[in-house]
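Take a look at the structure below.
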Amino acid sequence: WKKRMEEGEERLKGQQEEKDAQMKNIIARLMSVEEELRKEHQEMQQLVDAKQRVIEAQEKRIQSLDAANARLLTALNQLKEKYHHHLKNAANNTKPTAKLSVTENGEFKNSSC
């Protein structure tokens, strides 16, 4: 009877050691997976940060181009006004044979009167 009890205790002790070893193995694998996930997260964050910097640079470039476009449109309108004013003055003095106009694309076009 004592021998069976001792054998049972040994068996339980062996099972407990096996469970402990399995738990250690599981914990080690979980820690490994956690480390891999941290590395992947860090790499993704670096990619996101790099893309965000590109987006911000593009936004600045777009703002710069918008400002340059506005200045060019203002200069074009001033040029058109000066040209039309010049044509009116010239029409009072002599009749012009050709007329210069600006198309919607911003190109100049000659046409006969």
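Because only heavy atoms are used, hydrogens play no part in the values below, and waters and symmetry mates are left out as well, while side chains stay in.
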From N69 atom CG to I62 atom CD1, the distance as rounded to the nearest 0.5 Å:
12.5 Å
Rounded to the nearest 0.5 Å, the NZ atom of K51 sits from the CD atom of Q58 at a distance of 11.5 Å
Can you name the side chain to side chain contact (heavy atoms under 4.5 Å, CB included) partners of L12, sequence neighbours left out?
Q15
With heavy-atom distances below 4.5 Å as the criterion, would you say the side chains of E81 and H85 are in contact?
no
Atom pair CG (L79) and NE2 (H84), whose distance is rounded to the nearest 0.5 Å:
9.5 Å
Between Q16, E17, E9, which is the residue that forms a side chain to side chain contact (heavy atoms under 4.5 Å, CB included) with K13?
E17
Main chain of L73, side chain of N77: is a donor-acceptor contact present, judged purely on distance under 3.5 Å?
yes
For the CZ atom of R53 and the CD1 atom of I55, what is their distance to the nearest 0.5 Å?
11.5 Å
Using modelled atom types and a 3.5 Å cut-off, is there a donor and acceptor pairing between side-chain atoms of S32 and backbone atoms of A28?
no
Separation of N25 CG from D20 CG (nearest 0.5 Å):
12.5 Å
Would you compute the distance between atom NZ of K80 and atom CG of L76 and round it to the nearest 0.5 angstrom?
5.0 Å
For E34, check salt bridge (charged side-chain N to carboxylate O under 4.0 Å, His left out) against everything at least two apart and list the hits.
R38
